[in-house]
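Single-structure report; data block below.
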Amino acid sequence: METGVISSDEFVGGFDLYRTLESGQSYLWTRSDGAMYTDQPAPNAWYETVVDGVPIRVRQPDSTNADLEWRAGEDAVPTIRRLLRLDDDLEAIAADAPDDALIQEAYAAHDGMRLVEDPAFGTLISFICSAQMRVGRIHTMVSTLAGEYGEPYTLEGDTIYAFPTPKALAAATEADLRNLSLGYRAPYVERTARMVAEGEAHPDEARALEYEAAREHLTQFVGVGDKVADCVLLFALGFDEAVPLDTWIKSAIAEYYPDCDRGNYADTSRAIRERLGGQYAGYAQTYLFHHLRTGAVDSSA
DNA sequence: ACCCAGGATGTAA
DNA sequence: TTACATCATGGG
């Protein structure tokens, strides 16, 4: 086992682990106190995951913008930096955020929140599960899948389950998945897992494409429409311009940016993407989503 | 009881 | 192309 500390001196623009991992972007980490998505931070708890066969845990005991402690099966610093996007110049990204009262308010309220860059397959399945679900339950569903079909790893005597491989997940039947309370998403997950396991397609292929072509490409997976595709592009494949149009963002468009509503996903997406700054529109979207979802909007403004 | 949640799919026009 | 019913589940 290896241990270490990534110094806060390296976080340009700050870093908040709690906000980054409990803002509805990633469902592939669990918290050692089992209380994720209870709106209750626990700075001493570990966030745990397994990536490429390496169990990893991180924590930020002194809270926002403090040093990040890590422990892992091997030197995991490059992996952690990539997963949590610690090399992003968040100071520059925030400075370039659109000159818009609501967006500025969101950036100011959630200092240090970064985008994540999660493994593509787990993200794909997570957001297939996300349809008409609250973030807390999405996390529960993904954790259940990991516990049932994922490989167990041991770190400091504790068991951490990896997200299932495509092959392992493809072994589940629709009935199996329904029994895990996936509801009508069960056949989507089963069929998409089989597509990937059989080599018919892989979400990573979208990396090579231009943004809108990449989004279209991902919709070949069963249970993946434009919105879920945008989430995979933003949270796993590095498309920082992707703006997932979920219920929260749609209501924000209706209330704050009504001129961006063009009646269909593709055109509305272009309009709101432009409004949110283009290149890093997905970053602004993630701040806006978290700001709205946590009920932190200043209604007096 | 009713409504909603990081929606997608199949069918009909 | 767009409109609409249907699809599970749990929490407020």
Side-chain angles (χ1 to χ4, degrees), chain A residues 19-29 35-40 106 110 113 115-116 118 122-145 172-193 195 203 212 215-237 239-240 242-255 261-269 272-273 276 281-297:
Chain A
R19 287 171 177 159
T20 299
L21 290 184
E22 301 200 35
S23 50
Q25 305 181 57
S26 175
Y27 300 97
L28 301 177
W29 295 77
M36 228 167 149
Y37 287 112
T38 55
D39 293 322
Q40 203 62 283
H110 310 287
M113 187 175 76
L115 282 177
V116 299
D118 270 332
T123 305
L124 180 67
I125 299 297
S126 295
F127 281 94
I128 288 173
C129 290
S130 79
Q132 296 295 100
M133 279 290 136
R134 291 191 169 110
V135 295
R137 281 202 62 212
I138 299 166
H139 184 265
T140 299
M141 292 167 71
V142 174
S143 298
T144 299
L145 290 177
T173 66
E174 177 183 335
D176 291 335
L177 297 174
R178 282 185 185 273
N179 285 336
L180 298 178
S181 296
L182 265 67
Y184 61 80
R185 305 153 197 81
Y188 301 164
V189 169
E190 188 265 333
R191 291 176 62 188
T192 289
M195 287 174 72
E212 291 194 4
R215 188 176 66 199
E216 176 64 25
H217 187 73
L218 288 179
T219 62
Q220 74 180 290
F221 295 103
V222 181
V224 179
D226 288 329
K227 186 270 171 185
V228 167
D230 266 332
C231 288
V232 176
L233 292 175
L234 183 60
F235 302 135
L237 300 181
F239 287 81
D240 294 347
V243 178
L245 301 182
D246 64 280
T247 55
W248 290 97
I249 301 302
K250 284 179 181 172
S251 70
I253 289 172
E255 186 168 355
D261 184 359
R262 305 297 163 84
N264 64 76
Y265 194 98
D267 292 329
T268 303
S269 173
I272 193 67
R273 184 161 74 251
L276 295 185
Y283 238 108
Q285 186 273 0
T286 299
Y287 272 88
L288 179 55
F289 171 82
H290 187 57
H291 197 52
L292 295 167
R293 196 186 68 78
T294 55
V297 177

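Just so you know, these numbers come straight off a predicted model, no measurement behind them. In what follows, chains carry the letters A, B, and so on, assigned in the order in which the sequence lines appear, proteins first and then strands, with residues in each chain numbered from 1.
Evaluation of the side chain to side chain donor-acceptor pair (under 3.5 Å) rule for A:Arg191 yields no partner, not counting sequence neighbours. With sequence neighbours left out, the side-chain contact (heavy atoms from CB on, under 4.5 Å) criterion links A:Glu22 to A:Tyr18, A:Arg31, A:Met36, A:Tyr37, A:Tyr47. Scored by the side chain to side chain donor-acceptor pair (under 3.5 Å) test, A:His139 finds no partners at all (sequence neighbours excluded). Residues satisfying the side-chain contact (heavy atoms from CB on, under 4.5 Å) test with A:Asn179, not counting sequence neighbours, are none. Annotation: side chain to side chain donor-acceptor pair (under 3.5 Å) contacts of A:Arg137 (sequence neighbours excluded): none. Remark: A:Glu174 engages A:Arg178 in a side chain to side chain donor-acceptor pair (under 3.5 Å) (not counting sequence neighbours).
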For side-chain contact (heavy atoms from CB on, under 4.5 Å), just list the numbers for A:Gln25 and A:Leu234, CA-CA rounded to whole Å, side-chain angles, deciding distance to a tenth of an Å, and then say yes or no.
CA-CA 9 Å; A:Gln25 305 181 57; A:Leu234 183 60; over 6 Å; no
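Spacing between atom CG of A:Asn179 and atom C1' of C:dA8 amounts to 13 Å, rounded to whole angstrom units. The interatomic distance linking A:Asp267 (CG) with C:dT1 (P) rounds to 11 Å, in whole Å. Here the C1' atom of nucleotide C:dA3 and the CG atom of A:Asn264 are 14 Å apart, to the nearest Å. Rounded to an integer number of Å, the gap from CG of A:Leu115 to P of B:dG6 is 18 Å. The nearest whole Å value for the distance from the CH2 atom in A:Trp248 to the C1' atom in B:dA5 is 9 Å. One interatomic measurement links the two molecules: CD1 of A:Ile138 to C1' of C:dA8, which rounds to 14 Å at whole-angstrom precision. The interatomic distance linking A:Leu292 (CG) with B:dA5 (P) rounds to 12 Å, in whole Å.
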Shorter than 3.5 Å, N or O on both sides, protein versus nucleotides 9-12 of chain C: list them out with atom names.
residue : atom : partner  : partner atom : Å
C:dT9   : O2   : A:Arg137 : NH1          : 3.0
C:dG10  : O4'  : A:Arg137 : NH1          : 3.3
C:dG10  : N2   : A:Arg134 : NH1          : 3.2

Give the B/S/- string for nucleotides 8-13 of chain B, one per nucleotide from 5' to 3', where a protein heavy atom under 4.0 Å of the base yields B, of only the sugar-phosphate yields S, and otherwise -.
SS----
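Across B:dG6 and C:dT6, the matching P atoms stand 24 Å from one another, rounded to whole Å.
Stacking between A:Phe289 and B:dG6 is shown: the ring centroid lies under 5.5 Å from the centre of the six-membered base ring, and the planes differ by under 30°.
Sorted by first then second residue, the side chain to side chain donor-acceptor pair (under 3.5 Å) pairs that include residues 218-230 of chain A, not counting sequence neighbours, are A:Tyr211-A:Asp230, A:His217-A:Gln220, A:Asp230-A:Tyr265.
Counting only heavy atoms from C-beta on, A:Tyr27 has its side chain closest to B:dG6 among B:dG6, C:dT2, B:dG7.
The two residues A:Ile138 and A:Ser130 come nearest to each other via the heavy atoms CD1-CB, 3.5 Å.
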